[in-house]
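First the structure, in the form of structure tokens, and then the observations on it.
Everything numeric in this text was worked out from a predicted model, so none of it was measured. No hydrogens, no waters, no symmetry mates; every other heavy atom, side chains included, goes into these values.
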Amino acid sequence: MTSTPIAYGYMRVRNNASDQELKLLDDQLHAYAEAHNLWMTYTYYEWGPGISPHLLVRRLIRDDVRHVIVPSLEQITEHPLMQLLVSEQIALDGGALLYETSEIHGRADVR
């Protein structure tokens with residue numbers, strides 16, 4: 001019997017985001033996980049102006065999770081270089097696949 005792989009959600013909460021917008025993004029992450037046979041058990045939220053993906057990476061390693069779902073890299077950060085750094089940090093340091101709702105990024109030892 002194969003168990004469903006665990007995935008974590010990851011999104012940034014901006015100061016001007018409404019509760020309705022956040023709920024829609026969260027629902028989008030869960031729907032994506034379900035459609036791709038992943039079990040999303042946790043969502044890591046970035047609050048405020050900066051981002052700290054290394055905190056998510058620490059949790060991925062600690063919990064041995066190999067899948068991260070984001071609404072889009074642009075939702076995490078609008079800067080293209082930072083998008084690349086976030087993607088590579090999750091993939092290389094965390095060993096996880098990074099899924100945008102329309103694409104997949106990274107390398108992982110998928111179990």
Side-chain donor-acceptor contact under 3.5 Å, Tyr42 with Asp63: no
Of Val68, Leu38, Val70, the residue whose pairing with Tyr99 passes side-chain contact (heavy atoms from CB on, under 4.5 Å): Leu38
Does Gln83 offer a backbone N or O that forms a donor-acceptor pair with the side chain of Thr77 under 3.5 Å?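 No, Thr77 side chain to Gln83 backbone: no donor-acceptor pair under 3.5 Å.
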Keeping the roles fixed (side chain from Arg66, backbone from Gly94), state whether a donor-acceptor pair exists under 3.5 Å. yes
Given Met82 and Leu85, is the side-chain contact (heavy atoms from CB on, under 4.5 Å) satisfied, shown in steps? CA-CA 5 Å; Met82 289 303 297; Leu85 292 174; 3.8 Å; yes
Could you state the interatomic distance from CG (Leu56) to CZ (Arg58), rounded to the nearest 0.5 Å? 11.0 Å
Distance check, rounded to the nearest 0.5 Å: Met11 atom CE versus Tyr45 atom OH?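 With rounding to 0.5 Å, CE (Met11) is 4.5 Å from OH (Tyr45).
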Does the Lys NZ or Arg CZ of Arg59 fall within the cation-pi geometry relative to Tyr44 - under 6.0 Å from the ring centre and within 45° of the axis? no
Looking at every non-hydrogen atom in both residues, tell me the closest pair between [X] and [Y] and how far apart they are.
X      : Y      : value
Gln75  : Arg14  : O-NH2, 3.1 Å
Tyr10  : Ile76  : O-CD1, 3.6 Å
Thr101 : Pro71  : OG1-O, 3.2 Å
Pro5   : Asn37  : CD-O, 3.4 Å
Glu46  : Ile51  : OE1-CA, 3.5 Å
Leu73  : Glu100 : N-OE1, 2.8 Å

Going only through I, L, V, M, F, W and Y residues with side-chain contacts under 4.5 Å, is there a path from Ile61 to Val65?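 The answer is yes; both residues are in one hydrophobic cluster.
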Linking I/L/V/M/F/W/Y whenever their side-chain heavy atoms sit closer than 4.5 Å, directly or via other members, would Leu55 and Tyr8 fall into one cluster?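 Linked, Leu55 and Tyr8 end up in one cluster.
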Is it the case that over 12 heavy atoms from other parts of the model lie below 6.0 angstrom from the CD atom of Glu21?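 Count over threshold, so yes.
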Using a strict cut-off of less than 4.0 Å between a Lys/Arg side-chain nitrogen and an Asp/Glu carboxylate oxygen, indicate whether Lys23 and Asp27 qualify as a salt bridge.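 Salt bridge present between Lys23 and Asp27.
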From CA spacing to verdict: side-chain contact (heavy atoms from CB on, under 4.5 Å), His30, Asp26: CA-CA 6 Å; His30 282 277; Asp26 192 58; 3.6 Å; yes
